[in-house]
Protein chains: 2
Amino acid sequence: MPERAVAGGKESSVDTPPVESTRERLLNIAEQRFGEGGYEGTSLRAITVAAAANIAAVNYHFGSKEALLRAAVARAMAPVNTERRRRLDQLEAAGQPTAEQLIRAFIEPGLELVLRRGERGAIVARFIGRVAFDPSRRIRELYAAETDPVEARYLAALQQALPRAAPESVAFGYANMLGLLALHQSQALSRAPDADDLEDPGKLAENLIAFLVAAFDRGLRA
Amino acid sequence: MPERAVAGGKESSVDTPPVESTRERLLNIAEQRFGEGGYEGTSLRAITVAAAANIAAVNYHFGSKEALLRAAVARAMAPVNTERRRRLDQLEAAGQPTAEQLIRAFIEPGLELVLRRGERGAIVARFIGRVAFDPSRRIRELYAAETDPVEARYLAALQQALPRAAPESVAFGYANMLGLLALHQSQALSRAPDADDLEDPGKLAENLIAFLVAAFDRGLRA
DNA sequence: CTCTCATTCAAACGTCCGTTTGAACTATGC
DNA sequence: GCATAGTTCAAACGGACGTTTGAATGAGAG
């Protein structure tokens with residue numbers, strides 16, 4: 001049963017997603033399942049069954065379970081990193097940015113850009129958050145490698161924006177910012193599945209930014 | 001080869017720990033290994049080998065892998081919960097406590113009491129922090145069940161101490177406090193294994209408390 | 001049609017997993 | 001001494017895991 005709908009052009013302007021390839025389906029399902037159960041807690045069989053693919057497809061398209069995770073992380077982080085770089089460029093071009101501007105330019109791409117687009121956004125966010133704090137150091141480093149380039153620039157800019165705080169203190173605050181962002185992305189902080197009226201991504205972003213700005217401005221040692 | 005040293009009394013006043021029982025060795029190693037690799041990432045075989053115990057000993061003494069984890073969590077959290085309750089009682093007896101006093105009374109038992117006593121303290125802290133954010137909801141709830149009783153009291157007291165902030169906002173800040181504490185306990189925030197001069201538990205506690213106090217006092221919406 | 005190359009498939013590989021079994025061992029009370 | 005209850009042990013259980021294999025299937029080029 002040939003799945004492919006039509007030979008067609010690239011622009012089926014009506015909403016007919018060009019039929020996902022096996023590779024794409026694997027990445028999509030991997031995002032969802034890894035985000036739910038973590039890396040160790042999710043089997044390739046569970047992923048391939050849900051993706052309606054053969055178990056061997058993972059090793060054919062990616063090479064191994066870990067390579068599948070790596071590909072999924074890279075794909076999920078790409079737009080976030082791009083948007084963060086863009087915002088940082090823009091801020092620095094306009095002169096010395098404030099701490100709040102920097103925090104906002106870091107948090108919003110992580111929460112909004114990823115939480116916005118309906119159901120899938122929340123899945124991607126949870127996936128990223130989960131990988132960032134996976135129990136295995138190996139997995140965590142795999143995630144860190146995907147963010148590091150942008151990170152260093154933000155940390156440096158923050159230290160310039162907060163000259164009164166000691167560099168180690170700014171780094172401490174920066175680590176806290178990374179951690180809190182990942183925690184909210186992973187949704188591990190919301191105990192009750194419902195009732196969290198902060199789950200509106202816009203409100204959550206504003207609350208988190210206000211929380212962090214106050215901490216950075218007045219909670220760091222000199 | 002009978003392991004037991006002597007029949008002796010309970011008070012071998014010199015430092016001769018009465019020879020750990022299999023049960024105790026299993027709990028100690030479980031703390032260490034679960035803290036390193038997470039629940040899914042750590043096998044009972046790895047634990048029993050390290051504890052010089054037979055693999056069947058886990059099911060004999062605890063019943064299952066999950067029951068071993070539960071027992072380890074309960075044992076690790078007991079002194080923390082006790083100390084938190086004691087401090088909260090003391091604060092409330094002296095009148096309306098401030099937000100800073102409450103935050104300190106929550107953070108310090110989590111960091112200090114557990115980080116103080118040499119090498120083992122860091123192991124226990126990492127174990128607790130890891131379990132608190134395990135990928136599996138089941139495991140996280142298992143941990144939450146061990147803290148919940150004290151938690152509710154702290155949240156209520158915080159809301160009283162911060163009447164100008166909306167209750168949801170205080171709850172939001174409270175969740176952030178839990179998260180940051182667990183992250184520092186799990187040591188997932190310190191990227192480099194060394195070089196973290198904040199690893200001195202006392203300094204870390206002070207930095208974290210200052211960070212949180214500023215955020216609670218000025219970073220919550222009305 | 002034929003050849004080619006990419007993709008999919010069922011099946012099996014060896015390994016490790018948590019758990020169970022039933023016998024052996026130990027200490028204590030009678 | 002014997003009986004008893006608590007503990008340890010080697011061995012095996014069935015099942016799930018990530019990975020590999022080699023044949024089947026698909027579409028496109030000549």
Side-chain angles (χ1 to χ4, degrees), chain A residues 1-10 18-30 33-34 36-73 131 134-136 138-139 142, chain B residues 1-10 18-30 33-34 36-73 131 134-136 138-139 142:
Chain A
M1 48 183 81
E3 191 85 23
R4 201 148 299 271
V6 216
K10 336 193 153 184
V19 182
E20 289 173 323
S21 67
T22 296
R23 201 190 139 89
E24 287 166 334
R25 269 179 292 132
L26 284 174
L27 285 172
N28 290 340
I29 300 289
R33 298 305 176 101
F34 282 147
E36 286 172 8
Y39 180 73
E40 291 274 5
T42 304
S43 71
L44 286 187
R45 281 175 171 83
I47 291 175
T48 49
V49 164
N54 190 277
I55 174 101
V58 169
N59 285 278
Y60 174 75
H61 284 285
F62 301 96
S64 69
K65 183 186 183 183
E66 187 172 317
L68 166 63
L69 177 69
R70 183 165 21 242
V73 169
V131 172
D134 189 275
S136 161
R138 183 177 187 76
I139 304 298
L142 188 149
Chain B
M1 47 184 79
E3 190 84 22
R4 201 148 297 273
V6 217
K10 336 193 153 184
V19 182
E20 288 174 326
S21 67
T22 297
R23 198 189 141 90
E24 286 165 335
R25 270 180 290 132
L26 285 173
L27 285 173
N28 290 340
I29 300 289
R33 298 304 175 100
F34 282 147
E36 285 172 8
Y39 180 72
E40 292 274 4
T42 305
S43 72
L44 286 186
R45 281 176 171 83
I47 292 175
T48 50
V49 164
N54 188 276
I55 174 108
V58 170
N59 284 279
Y60 174 75
H61 284 286
F62 301 96
S64 69
K65 183 185 183 184
E66 186 172 318
L68 167 63
L69 176 68
R70 182 165 21 243
V73 169
V131 172
D134 189 275
S136 159
R138 183 177 188 74
I139 304 299
L142 188 150

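Here is how names work: the chains are called A, B, and so on, in the same order as the sequence lines, proteins then strands, and each is numbered from 1. Only this structure's heavy atoms are used, side chains among them; waters, hydrogens and symmetry mates stay out. From a predicted model like this one, the values you see are computed outputs, not experimental measurements.
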Over how many whole Å does the gap from I47(A) atom CD1 to dA16(D) atom C1' extend? 15 Å
Going 5' to 3' through nucleotides 6-12 of chain C, assign each nucleotide B (protein heavy atom under 4.0 Å from a base atom), S (under 4.0 Å only from sugar-phosphate atoms) or - (no protein heavy atom that close). SBBBBBB
Any non-hydrogen side-chain atom of Y39(A) less than 4.5 Å from a side-chain atom of V131(A)? no
Taking only residues two or more places apart in sequence, or in another chain, which ones meet T22(A) in a side-chain hydrogen bond (donor to acceptor under 3.5 Å, both in side chains)? R25(A)
Quick one: which residue pairs count as a side-chain hydrogen bond (donor to acceptor under 3.5 Å, both in side chains) with a foot in residues 52-73 of chain B, not counting sequence neighbours? E66(B)-R138(B)
Within residues 66-73 of chain B, those residues having any heavy atom closer than 4.0 Å to DNA chain C are none
The criterion is side-chain hydrogen bond (donor to acceptor under 3.5 Å, both in side chains); which residues satisfy it with R45(A), sequence neighbours excluded? none
For T48(A), report the nucleic acid contact type (base, sugar-phosphate, nothing); a contact means any heavy atom under 4.0 Å. nothing
Considering only heavy atoms from C-beta outward, does the side chain of F62(A) approach that of L27(A) to under 4.5 Å? yes
With R33(B) as reference, evaluate N28(B), I47(B), L44(B) under the side chain to side chain contact (heavy atoms under 4.5 Å, CB included) test and give the passing residue. I47(B)
With E40(A), which residues qualify under side-chain contact (heavy atoms from CB on, under 4.5 Å), at least two apart? E40(B)
Give the rounded distance in Å between these two atoms: CZ of R138(A) and C1' of dG18(D). 14 Å
Within less than 4.0 Å of OP1 or OP2 of dA16(D), is there a side-chain N or O belonging to S43(A)? no
dG18(D) P sits how many Å from F62(A) CZ, rounded? 15 Å
Considering all heavy atoms, the nearest G37(B)-P135(A) contact: O-CB, 3.6 Å
Spacing between E40(A) atom CD and dA16(D) atom P, to the nearest angstrom: 17 Å
In whole angstrom, give the distance that lies between atom CG of N59(B) and atom P of dT21(C). 11 Å
